[in-house]
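Okay, so here's the structure we're looking at.
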Amino acid sequence: ALENWFLARPNCTFFFFFFHGNKRGSWNITRISSAMIPSRNFNKDLNLELASLYVLENNYLKAEYIYKDLLLVHDDDFDVLKKLAYALSMQEKYDLAIEIYKKALEKNTSDYDITNMLASLTYYNSNYLESIDYLRKCLKERWKDKDNLYLLAASYKNIWKLEDAANVLR
């Protein structure tokens with residue numbers, strides 16, 4: 001309702017102030033212009049900033065809507081794909097998140113964060129063979145990552161390759 005009120009006033013400038021505390025007890029102030037609300041006058045940077053604020057507030061659904069709108073205007077943008085997939089994974093929409101992460105990985109095959117998220121999401125989605133492939137790629141880059149070593153061993157265990165699981169844990 002509030003967003004529609006601002007959209008009805010396209011030539012006006014409004015400012016919102018969001019106050020959120022940090023660990024030291026002081027307050028951070030973030031200024032958001034009405035231009036961040038999706039409209040015909042679409043500003044990518046401002047909308048990304050608004051979506052990131054929603055992510056900070058753990059409001060992943062609103063962030064998802066903004067990222068999807070951004071993809072309509074900026075088709076196949078790598079950063080937007082990556083952030084949308086993260087917002088979806090935080091809402092436990094794993095199948096869709098995996099699909100979007102794969103699309104982003106096609107754009108940048110060397111991105112460790114995407115490969116790592118795909119390894120975790122495919123594991124939690126019980127796709128252990130695919131998870132093993134992503135985990136191996138992750139471990140080539142960071143071979144001492146204990147979380148990924150554990151997931152690799154657990155993936156082997158779940159497909160009954162107990163000897164491979166034991167070798168990972170040695």
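We're numbering straight along the sequence, starting at 1. The figures that follow rest on heavy atoms only: side chains count, while hydrogens, waters and symmetry mates do not.
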Does any non-hydrogen side-chain atom of [Y] lie less than 4.5 Å from one of [X]?
| X | Y | answer |
| --- | --- | --- |
| K83 | V80 | no |
| N127 | Y94 | no |
| E57 | K62 | no |
| Y156 | L162 | no |
| L169 | L149 | no |

(message) side chain to side chain contact (heavy atoms under 4.5 Å, CB included) for L81 and K107? Distances and angles first, verdict last.
(response) CA-CA 10 Å; L81 285 170; K107 296 194 166 297; 4.1 Å; yes
(request) Would you confirm whether Q91, through its side chain, and A87, through its main-chain N or O, come within 3.5 Å as a donor-acceptor pair? (result) yes
(message) I'd like to know if the side chain of S155 and the backbone of L151 have a donor-acceptor N/O pair within less than 3.5 Å.
(response) yes
(message) Do the side chains of E64 and K68 get close enough for a salt bridge, i.e. N-O under 4.0 angstrom?
(response) yes
(request) Verify the distance criterion only: is there a donor paired with an acceptor across the side chains of Y67 and D69 at less than 3.5 Å? (result) no
Tell me whether [X] shares a hydrophobic cluster with [Y], the cluster being built from Ile, Leu, Val, Met, Phe, Trp, Tyr side chains joined at under 4.5 Å.
| X | Y | result |
| --- | --- | --- |
| Y124 | L105 | no |
| Y134 | L139 | no |
| L129 | V168 | yes |

Provide the closest heavy-atom pair for [X] versus [Y] in the form atom of the first, atom of the second, distance.
| X | Y | result |
| --- | --- | --- |
| Y101 | S89 | OH-OG, 4.5 Å |
| A153 | A165 | O-CB, 3.4 Å |
| N43 | D45 | OD1-N, 3.1 Å |
| A51 | A63 | O-CB, 3.7 Å |

Atom [atom1] in [X], atom [atom2] in [Y]: separation rounded to 0.5 Å?
| X | Y | atom1 | atom2 | result |
| --- | --- | --- | --- | --- |
| C138 | D147 | SG | CG | 11.0 Å |
| I98 | E130 | CD1 | CD | 6.5 Å |
| D79 | L84 | CG | CG | 12.5 Å |
| I132 | R136 | CD1 | CZ | 6.5 Å |
| N47 | L70 | CG | CG | 5.0 Å |
| K140 | R142 | NZ | CZ | 16.0 Å |

(message) Using the rule given for side chain to side chain contact (heavy atoms under 4.5 Å, CB included), can you reason through K146 versus Y150, listing the C-alpha separation, both sets of side-chain angles and the distance that settles it, and then say yes or no?
(response) CA-CA 6 Å; K146 292 178 184 177; Y150 171 77; over 6 Å; no
(request) Take D77 and K44, measure what side chain to side chain contact (heavy atoms under 4.5 Å, CB included) needs, and give me the verdict at the end. (result) CA-CA 11 Å; D77 183 283; K44 178 183 174 186; 2.6 Å; yes
(request) Could you walk me through whether Y60 and N58 pass the side chain to side chain contact (heavy atoms under 4.5 Å, CB included) test, one step at a time? (result) CA-CA 6 Å; Y60 299 108; N58 296 330; 3.1 Å; yes
(message) Other members of the hydrophobic cluster containing L61, with the 4.5 Å side-chain heavy-atom rule, please.
(response) Y65
With a 3.5 Å cut-off and sequence neighbours excluded, list the donor-acceptor pairs that the side chains of residues 112-123 form with protein atoms.
from	atom 1	to	atom 2	distance (Å)
Y112	OH	D145	OD2	3.3
Y112	OH	N148	ND2	3.4
T115	OG1	D111	O	3.1
N116	OD1	N148	ND2	3.0
S120	OG	N116	O	3.3
T122	OG1	L118	O	2.6
T122	OG1	A119	O	3.2

